[in-house]
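Everything below concerns the one structure shown next.
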Amino acid sequence: MILRVEHIGIAIKDATQAEDLFRKLLGTECYKKEAVESEGVSTFFYKTGDTKIELLEATCEDSPIAKFIEKKGEGIHHIAFETDDIEAEIARLKSEGFTVLNETPKNGADNKLIAFLHPKSTNGVLIELCQEIK
Ligand code: ZN
C-alpha cells in the first residue's frame, strides 16, 4: 500500500541557483547529491520535516528533465509516494486502470526502487512509486 508522500520532484535549470534558493527557503543544506546517469539527471535532496524535496537538473540534452523544461518550464515534475511493496502496488494500480510506465521497478536515486505512472492516467501529475532498497 501507499504510505506517504516520500518526496516532491522539482525540475530546475540551474542547480547553483536552485541550491541557493532552496537553502534559503528551507533553512537547510542539500544533504545528498546524486547523478542518475541512466535517467540523464543530477538530483539534489533536501529534508523538510517528514518529507523531502528532490531537485532535478538535466545532465544531457535528451534527458527527460530537459524535455520537460522545454515543454513546460521549471516546476513540479513529480510526486513520489512511498510504498511498502512496490511490485504489489504496480499490480494493484494496473488492475485499477492506471498506466504504469515501469512494469518492473528500476533503480532510482536515494537507494530506491522506483516506477512511474503516466500523467495521462493521473490527472496530469507524474506519479512515482518508491520503496527503499533494504
Ligand atoms: Zn523522485
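Counting convention: from 1, in listed order, for ligands and their atoms alike. Remember, predicted model here, so these are calculated numbers, not experimental data.
Heavy atoms of other residues, nucleotides or ligands lying less than 6.0 angstrom from CD1 of Ile76 number 12 at most.
Residues His77 and Glu54 have side chains that never bring a donor and an acceptor to within less than 3.5 angstrom of each other.
Aromatic ring orientation, Phe45 versus Tyr31: tilted (interplanar angle from 30° to 60°). Between His78 and Phe116, the ring planes are perpendicular. Angles over 60° get that label, and only those under 30° would be called parallel.
The residues Arg92 and Glu89 are annotated as salt-bridged, a charged nitrogen and a carboxylate oxygen being separated by less than 4.0 angstrom. A salt bridge links Lys94 with Glu103: the closest approach of a Lys/Arg side-chain nitrogen to an acidic carboxylate oxygen falls below 4.0 angstrom.
Near-neighbour remark for the Zn ion (ligand 1): protein N, O or S atoms under 2.8 Å are His7 NE2, Glu54 OE1, His78 NE2, Glu128 OE1; waters not counted.
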